[in-house]
Amino acid sequence: MKTYQEMLETYRKRQRSTVVDAIATGLTYVDEIAVDTGLLEETGLLAELTGSVCSALPFAIIAVQEGSKAILGLKPAANGVQDSAFRMVKTGAAMGVGAAVAAGAGFWAAIPVTMGVRALFDRYRSKTLTGMRVQGRINRLKELNSQLRDAQEALQVETPVTLEEPQLLAVLPN
């Protein structure tokens, strides 16, 4: 079992990727905000490029981060694929909800909503995984309890107890 310090370090590493993803997802709206504030015109090559780059940026960051962790041996490749898939789904859903909010309320409202959706995904996954770990530990304790009872019954069957001297039971008054 991991020590408290190891779990804390794992949690801190996990939080860094969440922050990076949230910032990258928020940057998907930077081109729309630039047009909204008048920094960029809605037509032109620069607006098209920033739109494409900003939309793909979170997914590229996720792929690079998870791929580098797998290449450097910080996590198995299978875990990297699962983590990147979850992060990409989470980002895609957040961007979709953010786009709906942006259409209705404006791009300034889309950024906090997008980050909030990502936080809800993280919270749901954390609770789900915690529930699975607790259930696994409960099952393991039940198995250990069953094994102990079986061993105790086997001991009682193998060595019958014979009393040579009568034993007295002392009953204490309540």
- Item | Euclidean distance, R87 CZ relative to Q82 CD, rounded to 0.5 Å | 14.0 Å

- Item | Heavy-atom side-chain contact between E66 and F86 under 4.5 Å | no

- Note on the structure: In this structure, CG of L144 is separated from CG of N139 (nearest 0.5 Å) by 11.0 Å

- Taking the side chain as C-beta and beyond, is there a heavy-atom pair between T114 and V97 under 4.5 Å? no

- Item | R125 vs K90 side-chain heavy atoms within contact, under 4.5 Å | no

- Note on the structure: Closest non-hydrogen atoms of A70 and A77, given as atom of the first, atom of the second and distance, are CB-CA, 4.1 Å

- Note on the structure: One should read off an interatomic distance between L141 CG and S146 OG, to the nearest 0.5 angstrom, of 12.5 Å

- Query: Which pairs pass salt bridge (Lys or Arg N to Asp or Glu O under 4.0 Å) with one or both residues in residues 140-151, sequence neighbours excluded?
  - Reply: R140-E143

- Item | Nearest-0.5 Å distance, CZ of residue F59 to CG of residue L57 | 10.0 Å

